[in-house]
Every structure is written in structure tokens, then in C-alpha cells.
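Comments concern the structure below.
Note that ligands are numbered from 1 as they come in the structure, with each ligand's atoms numbered from 1 the same way. One-based numbering along the sequence shown.
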Amino acid sequence: MTRFIFITGGVVSSLGKGLTSAALGALLQARGYKVRLRKLDPYLNVDPGTMSPTQHGEVFVTDDGAETDLDLGHYERYTGVAARQSDNVTTGRIYSTVIAKERRGDYLGGTVQVIPHVTDAIKEFVQKDITDEDFILVEIGGTVGDIESLPFLEAIRQLGNELGPERSMFMHLTLVPFISAAGELKTKPTQHSVKELLGLGIQPQVLVCRMERPLPPSDRRKIALFCNVKPEAVIAALDVDSIYAVPMAYHAEGLDVQVCKHFDLLTDQEPDLSRWREIVRRIREPEGQVTIAIVGKYVQLKDAYKSLSEALVHGGIANNVKVNLDWIDSEIFEREDAVKYLEHVHGILVPGGFGERGAEGKIRAAQFARERNVPYFGICFGMQMAVIEAARNAAGIADASSTEFGPTPNALVGLMTEWTRGNEVQTRDAGSDKGGTMRLGAYPCVLTPHSQVAEIYGQSSISERHRHRYEVNINFKQRLEKTGMKFSGMSPDGVLPEIIEYPNHPWFIGVQFHPELKSKPFAPHPLFTSFIGAALEQSRLV
Ligand code: GLN
């Protein structure tokens, strides 16, 4: 029997609803249940793919090629369950489906309305593509009280009624602020937020209250009384030192027990949290530290590189070291010498990116790493820039560039207009829509035997997730290889370069895909483990 837990948020945004949902998923999993997490996003974009990373944070790409909300990254990192297209929907996508149906005449002359047509489409989405999961956790984006989330809240209210309490539960995340002038925690915002939910017909059974100070019993009773929940179902969620300590903190507060009790499930056995204990122990007791420079364009919003910074933490967990991140805006290197920013770091990472702004600075960072034997990890755009750097400074192609920056006679990186996915040929051109038209999702890659990456992966063939429009131009392979660069990973048809490395450099690897999307704290990605290992070596030299 599949049960649904609907997770809403109130009072303010940024309370960590995604993390809370992910942590509850991990706790239920630790109790032996099969879980899947989903997110309903109330904005009008069909998916976050067209949004700037500085507005909405990272776009998380799934194996099946969906561009999704970054919370799906948290879900995967906490549960290890690969997210799918069917785990994230937006108002924009729901409306496109409803409007397409209307145009086809599927509504047989009826007036098409938010209720029931839009809410039906939401309910259908929530219940689709489920097999033998014990729990589906459904997070509703935004904050209760927003106009745009109303159809979603109405849809989950109806679902709660249709499924009944034995198959559904509502959990609400709120803020209990500490007012220093009064020296007290304040429960009123939580009371108001729950009142707002009640006004929409939703009675939460569990309240997760974010707070900076411990919750006095009298405040717990007050929240319970005014919000119609049991005192033990008021979960005090205090800040913790690592996001990976959240599952244990919630367990200590009884969150999983409250959920199980609601569904009449046995709680006499403790969940197996050994994996989380070990992760947190390694984070809290590192045996050393390394500093990695991330040279990118969206460094002012850390959420723009969420999976990346987590994957670096995972690399640290694997090596038992703390990883300090030095975020550097690549444009700085277009005005100032890179040396003073980079000479003390133990590794340089140039992440994914789009557009010409800041590209020259990334090329400088790659040059610094190559010439000075500093570990370099180029991801997607970071690989493309490393290739342009080698072409310009080692192969003598002075005007080497990417067609992403405009027409160029020496397109080391060019727009890809045709490629194969499975047995299907996909085509694009410069005039295609921007949304959903990149090379997206999991693609296979064949590794060159005995190359560094083959050693690192311990495999000859891998599958990694992609999100890009441009590709390194295979026609320059020979000239680049003369500089010492090796093409060590290729698409199975041998046409698309997927990985480059320098065998005579301590660690210089560029990948056309996004390995950070598949890294987990309990299964750090091999490339990140190896990169942090190389940085640790480097730290012994400088
Ligand atoms: N802008 C580049 C492309 O589209 C790289 C994209 C990326 O780094 N994800 O190919």
C-alpha cells in the first residue's frame, strides 16, 4: 500500500523544506520502507531549465533527461533513489497539459476550470508512475498563503480526503523565531500559518518547527493546543552543524515515530542510522583539510552550485578531510593576475556555465592549473574552456574559441546539431527553442583502457548525466593530442569527446558531463574522491 505524505511550508521561505523532506525520506528508508520523493513547484515556467541559476539555483538533471528543481538533488543525496521526470512538476507544465487537452477537444465542450481540471491534472501527476513504493513524499514549493500555490493545496486537500488518513498525512514546516528583546521564542507565526492551512481545509498532523533555541514544554503545549496537533507531533528542528546530521536530529525528536504512528505502523525497532552516524563522524572529525578554488560565474548564489559543493564535501568524506571552498568570480582574472588568488589552493575546479561573460577568466584558471601542475577539474563548460586553453597556448591556435561566443574560424567547441540517444537521432539547430532542447540526461561513455579515468572509475564504460548544447570538436583531436592531452572518454560512436586528461600532469581532468549530480554522502563519486585525494597530495607540496 502506497501512503502519501504532503509537506507544506509556512511563515517564510528558505526554511529547508527540501532538506526536511529528504531527511524524512532517509528516516523511513532506515526503517526498511521504500520511498520516492516528489516536488510540486508553483511557478509558471514549464521547468527550471530556462531560469538563471542566480534566480533559482542549480538545475538538477535526472537520468531520464528532466531539468528539475534542486530539491530533487537533496532527495537523491539522502535516499539514493534516482529521481525521474515524474518527480517534479510546475504550474507551467500542468497548464500546458490542460491547454493541450483543451485544444484537442478532449474536454468535449466543457468549460475548462482550475477546479476540477487543473486540480485533477495535479492529482493525476502525484499518483502517476508509482510501483511498489511504501511512501511517496510530496513537497509543495512556496509558502502557504501564496496565491500561486492555491491549486496545489486544493489538489492535496482533495487527495487527503479521497485517500483517507490511513493513506495520507500532512506535515507543515514553520518558523518559531527567537525575539531577543523579549528573550523568548514566539509561536504566533506558526499559529497563523496553520490557521491559513486550516482555512484551506488542511489539518496538518505533524509540525516541524525551525528554531534557534530549544523549545520550552510550555511553548510546545501552546503550539499543540492552538494548532490542533499532539504535543509530541510538534517537532523542534534546531540548526545542526552539518546537513547530514539532520536525519539523526529529526529521529531524536521523534519525527519518524510520529509518522509511523499516524499510519499505524510498528515502531518497536530502531531505524538503522549507522550510515548517517559514520558520515557525520567523518565530517566532524576530519584528519586534515584542503582548499579548492571554484572559479565560476554564479558564485554570489551558492545554491547555483548545490550538487557541486555537496559532491566536494563527499570527496572530503571519502578522504577523511575537510574541504574548504574558495568561491572566485572568474571575471576577476580578466582584470587581475590569477596567481595571487590561486597560488595557495590545492585544487581548481571550473564548473558548468553558459555564455561568454567570465569565460576568459576560466581559461586563465585552466592555464594556471596546467602550467603549474595544480589539480584541475573541469566540468562541462570547465572542460570546454580547458580545451580552448590548450588549443590557444599549447597547440598554437591563437583564435581558438567556442561558437557559443559567436562565429569563429577555429571552433574548438561547436554547437551540436545532431546526436543519438539510444536508437533515436535527435536534431536541433540555432533557432530551436531554448527550453528542454539541450543534450540532457544519462548518456553512455567508453573509457580508454589504462587511462587515468579508467583507473579512477575501475570500469571501462560509464553512464553520466549531461546538460549542454556545445561539444568539443573531434576534428581537432590530433592537434590537441600533440600537446599531451589525451581523449580518454568518448561517446560509444566515437564522435563526441566526453573526457580529456593530461597523463603527464598530477591531476587534470575535464568531463563533458556533470558527475556531481550522482554523488552521495554514502557513495562519493569516484572523480570527486580522486580529485580531493590529489588536492591532499598537493597540500603536502605547498
Ligand atoms: N554552455 C555550455 C554548453 O551548452 C556548457 C554547459 C554546461 O556547462 N552545463 O555546451
Side-chain angles (χ1 to χ4, degrees), residues 47-54 56-63 65-68 70 73 294-299 301 303-309 311 330 348-363 365-366 376-389 400-408 411-419 421 426-443 445 464-474 476 489 491 495-500 509-519 527:
D47 60 41
T50 53
M51 277 190 252
S52 159
T54 49
H56 194 69
E58 154 190 289
V59 175
F60 188 79
V61 182
T62 59
D63 280 333
E67 295 178 283
T68 72
L70 59 77
I294 300 182
V295 183
K297 186 162 74 168
Y298 318 114
V299 288
L301 182 72
D303 270 0
Y305 301 110
K306 193 72 215 159
S307 295
L308 181 73
S309 54
S330 60
I348 298 171
L349 194 150
V350 176
F354 292 84
E356 191 167 14
R357 185 170 64 79
E360 290 301 322
K362 295 175 189 176
I363 292 172
Y376 177 88
F377 197 177
I379 294 182
C380 205
F381 200 68
M383 163 182 177
Q384 297 173 356
M385 295 308 106
V387 168
I388 292 175
E389 188 281 317
S401 187
S402 165
T403 55
E404 185 169 359
F405 314 147
T408 164
L412 265 287
V413 179
L415 178 68
M416 184 180 26
T417 51
E418 193 176 297
W419 66 94
R421 177 167 191 135
Q426 307 214 343
T427 52
R428 308 276 188 269
D429 63 43
S432 294
D433 274 358
K434 285 277 179 283
T437 57
M438 283 187 254
R439 183 181 178 215
L440 288 169
Y443 281 86
C445 159
E464 293 279 6
R465 296 182 193 169
H466 290 246
R467 181 174 188 252
H468 56 108
R469 244 179 261 288
Y470 299 85
E471 292 279 350
V472 170
N473 188 342
I474 187 73
F476 288 90
S491 59
V495 176
L496 304 173
E498 298 274 15
I499 307 179
I500 56 112
I509 293 177
V511 295
Q512 188 54 76
F513 44 81
H514 289 275
E516 72 274 23
L517 301 176
K518 287 181 52 166
S519 187
L527 286 174

* Judged by atom type as modelled, is there a donor-acceptor pair below 3.5 Å linking the side chain of Thr62 to the main-chain atoms of Ala66? -> yes
* pair Phe354-Glu404: side-chain heavy atoms closer than 4.5 Å ->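 Sidechains of Glu404 and Phe354: in contact.
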* Do Val472 and Ile500 have side-chain heavy atoms sitting under 4.5 Å apart? -> no
* **Carboxylate-amine/guanidinium proximity below 4.0 Å for Glu498 and Arg439** => yes
* Donor + acceptor pair across side chains of Ser307, Glu58 (<3.5 Å) ->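 Yes, Glu58 and Ser307 have a side-chain donor paired with an acceptor closer than 3.5 Å.
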* Within the protein, residues bringing a heavy atom under 4.0 Å of ligand 1, chain by chain ->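 Correct list: Gly352, Gly353, Phe354, Cys380, Phe381, Gln384, Glu404, Arg467, His468, Arg469, Tyr470, His514.
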* Taking only residues two or more places apart in sequence or in another chain, which ones pass salt bridge (Lys or Arg N to Asp or Glu O under 4.0 Å) with Arg469? ->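 Arg469: no salt bridge (Lys or Arg N to Asp or Glu O under 4.0 Å) contacts found.
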